[in-house]
Number of protein chains: 2
Amino acid sequence: MDARTKILETAARLFATHGYENTSLSQVARDAAVSKALIFWHFETKENLFRAVLSRTVEPYSLDLDLDGLSETEQLKKLIDLYYEFVTENLYSVRFFLSLFLRDEAPQSDLFARILELYELYRGQLREIIESGQKNGTIAPQIDAASQAGLILSALNGILVQGFVFAGSTPSAEALLAPLKAALVDTLKIQ
Amino acid sequence: MDARTKILETAARLFATHGYENTSLSQVARDAAVSKALIFWHFETKENLFRAVLSRTVEPYSLDLDLDGLSETEQLKKLIDLYYEFVTENLYSVRFFLSLFLRDEAPQSDLFARILELYELYRGQLREIIESGQKNGTIAPQIDAASQAGLILSALNGILVQGFVFAGSTPSAEALLAPLKAALVDTLKIQ
DNA sequence: GTCTATATACAGATAGAC
DNA sequence: GTCTATCTGTATATAGAC
């Protein structure tokens, strides 16, 4: 692996673990086994390095769906599973981004706009599926699709955050997925 | 106000806004209009100051319930409202504590143990109410009380976190409370 | 209790050899 | 591209006057 990549990977790990301000370039240099000067040669400033790291981190973020042949409630459940998988597969970075948002350290940039956009896209999908089910009579019409989509997503986020914070003590995140589907998806069905 | 208190309040605000590492004692001294040396005279180290700040912050955290004369589902809804009120009233510190947990910056201390304890206490309450309702036949017996309590709490946390991150864009936190109660409490009732 | 002045360490960043 | 040596600022912390 070339030095530039080594720096990026090391910085990604340290930023995600300790945050931006709490990670020194001396530490990145030490862990990556290069000189500090080399970091500046490649990235010019610490902030540029940070942006490069974020860029690489977000790059694989995507949402591609294959919901063919499923009923609306099955589609919703599939989306819930996909979201859960996505977060667990990107645990460190999701956790990191969340902490950036919480501390208002998220720079206003295309990257963060893209993350929010992806999130909105996901919520929009949930909503459309519910509305589609209401049109063809498989989902109760009195439900407010936007609220229900927001609620499902909030519950999912809450489960994941709870997993971040209380690793072990509370019911595990995975164990709450089934009750989530039962309470927030199955109850939508028209019997 | 005496200088010590002034330092504590200033530090509390800065720590909560910028985090521990990102807040310098020079800045605390400047904002509190005292010398840096005075901070050290009162608190000896930066970390001690931090602990003192956390201590003062958590001190008013408590949970006192008055659920007399309410049905089980009404009790659950009341608890949801109380939790929501508690978090919104302590928005900055809750947000701060969450970011500490996310970054593994939470020192293992009585304070953090107390926060987790309070949280467990709340979840235990939800669970007991559900079990009580199952015993007297007002809540469906096939529900797993522990899971349902965890799910309600997760959904609540998710709603609040969503409020932290997306102030404005998504459905407001408050708007999701009613759907939450409808989906996770009212559906428990035996018709 | 509160201050000014200072010690010491380490941060981000640059200069210049190779 | 990569290094060593160094600059400059600022961090935590201390010494000692008042």
Side-chain angles (χ1 to χ4, degrees), chain A residues 1-57 96-97 99-100 103-109 111-112, chain B residues 1-57 96 99-100 102-109 111-112:
Chain A
M1 183 182 354
D2 65 338
R4 193 192 141 91
T5 309
K6 181 78 182 164
I7 293 167
L8 278 169
E9 293 195 353
T10 306
R13 181 173 49 81
L14 292 173
F15 283 144
T17 314
H18 306 116
Y20 176 73
E21 298 289 343
N22 200 11
T23 299
S24 74
L25 295 184
S26 304
Q27 194 182 350
V28 175
R30 198 184 323 121
D31 285 22
V34 299
S35 67
K36 266 199 295 185
L38 188 62
I39 300 179
F40 283 96
W41 190 87
H42 279 295
F43 301 98
E44 281 162 296
T45 66
K46 185 184 180 185
E47 187 165 339
N48 273 6
L49 171 62
F50 185 54
R51 291 183 192 282
V53 164
L54 291 185
S55 212
R56 262 175 60 100
T57 305
F96 180 47
F97 282 120
S99 77
L100 285 180
R103 290 215 182 145
D104 285 328
E105 283 179 4
Q108 47 191 84
S109 69
L111 282 173
F112 284 82
Chain B
M1 186 185 347
D2 65 339
R4 193 191 140 91
T5 308
K6 180 76 182 167
I7 292 168
L8 278 169
E9 294 196 351
T10 305
R13 179 173 50 81
L14 293 173
F15 283 145
T17 314
H18 306 115
Y20 176 74
E21 298 289 343
N22 199 13
T23 299
S24 75
L25 295 184
S26 303
Q27 195 183 351
V28 175
R30 197 183 322 120
D31 285 22
V34 299
S35 68
K36 271 196 291 185
L38 188 62
I39 299 179
F40 282 97
W41 191 87
H42 279 294
F43 301 98
E44 281 161 286
T45 66
K46 185 185 180 184
E47 186 165 340
N48 273 7
L49 171 62
F50 186 54
R51 290 183 193 282
V53 164
L54 291 185
S55 210
R56 262 174 61 98
T57 305
F96 179 48
S99 76
L100 285 180
L102 285 178
R103 290 213 183 145
D104 285 327
E105 283 177 4
Q108 50 191 78
S109 69
L111 283 172
F112 284 83

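Quick note on labels: first sequence line is chain A, next is B, and so on, each numbered from 1. The analysis underlying the following values was restricted to heavy atoms, covering all of them including side chains, and did not include hydrogens, waters or symmetry mates.
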Over all atoms of both residues, closest heavy-atom pair of [X] and [Y]:
{"X": "A:A29", "Y": "A:S35", "result": "CB-C, 3.9 Å"}
{"X": "B:F43", "Y": "B:A52", "result": "CE2-CB, 3.9 Å"}
{"X": "B:T23", "Y": "B:K46", "result": "O-NZ, 2.8 Å"}

(request) May I ask you to list the residues of residues 1-21 of chain B, by number, that have any heavy atom positioned under 4.0 Å from an atom of DNA chain C? (result)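 Result for residues 1-21 of chain B: B:A3, sorted by number.
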
(message) Please evaluate residues A:F112 and A:F97 with respect to the criterion ring pair (Phe, Tyr, Trp, His ring centres under 6.0 Å), reporting the C-alpha separation (whole Å), side-chain torsions for both, the decisive distance (0.1 Å), and the verdict.
(response) CA-CA 9 Å; A:F112 284 82; A:F97 282 120; 5.5 Å; yes

(message) Holding to side-chain contact (heavy atoms from CB on, under 4.5 Å), I want the full list of residues that pass it with A:F40, two or more places apart in sequence or in another chain.
(response)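 A:F40 satisfies side-chain contact (heavy atoms from CB on, under 4.5 Å) with A:L25 only.
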
(message) Below 4.0 Å from chain B heavy atoms, what is the first contacting nucleotide of DNA chain C and what is the last?
(response)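 For DNA chain C, the relevant span reads C:dG1 to C:dT4.
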
(request) Would you please name every residue forming a side-chain hydrogen bond (donor to acceptor under 3.5 Å, both in side chains) with B:T5, sequence neighbours left out? (result)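 Expected list: B:D2.
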
(request) Output the residues of residues 22-41 of chain A in contact with DNA chain D, where contact means a heavy atom of the residue under 4.0 Å from an atom of the strand; sort by number or write none. (result)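 Contacting residues: A:V34, A:S35, A:A37, A:L38, A:W41.
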
(message) Classify the ring geometry of A:F50 against A:Y20: parallel below 30°, tilted from 30° to 60°, perpendicular beyond 60°.
(response)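 Tilted, since the angle between the ring planes falls between 30° and 60°.
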
Could you list the donor-acceptor pairs under 3.5 angstrom formed by side chains in residues 10-18 of chain B, with sequence neighbours left out?
residue: B:T10; atom: OG1; partner: B:K6; partner atom: O; Å: 2.7
residue: B:R13; atom: NH2; partner: B:D31; partner atom: OD2; Å: 3.4
residue: B:T17; atom: OG1; partner: B:R13; partner atom: O; Å: 2.6

(request) Output the distance between atom CH2 (A:W41) and atom CD1 (A:I7), rounded to the nearest 0.5 Å. (result)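 Rounded to the nearest 0.5 Å, the CH2-CD1 separation comes out at 10.0 Å.
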
(message) A:L8 vs A:V53, test: side chain to side chain contact (heavy atoms under 4.5 Å, CB included). Steps then yes/no.
(response) CA-CA 6 Å; A:L8 278 169; A:V53 164; 3.9 Å; yes

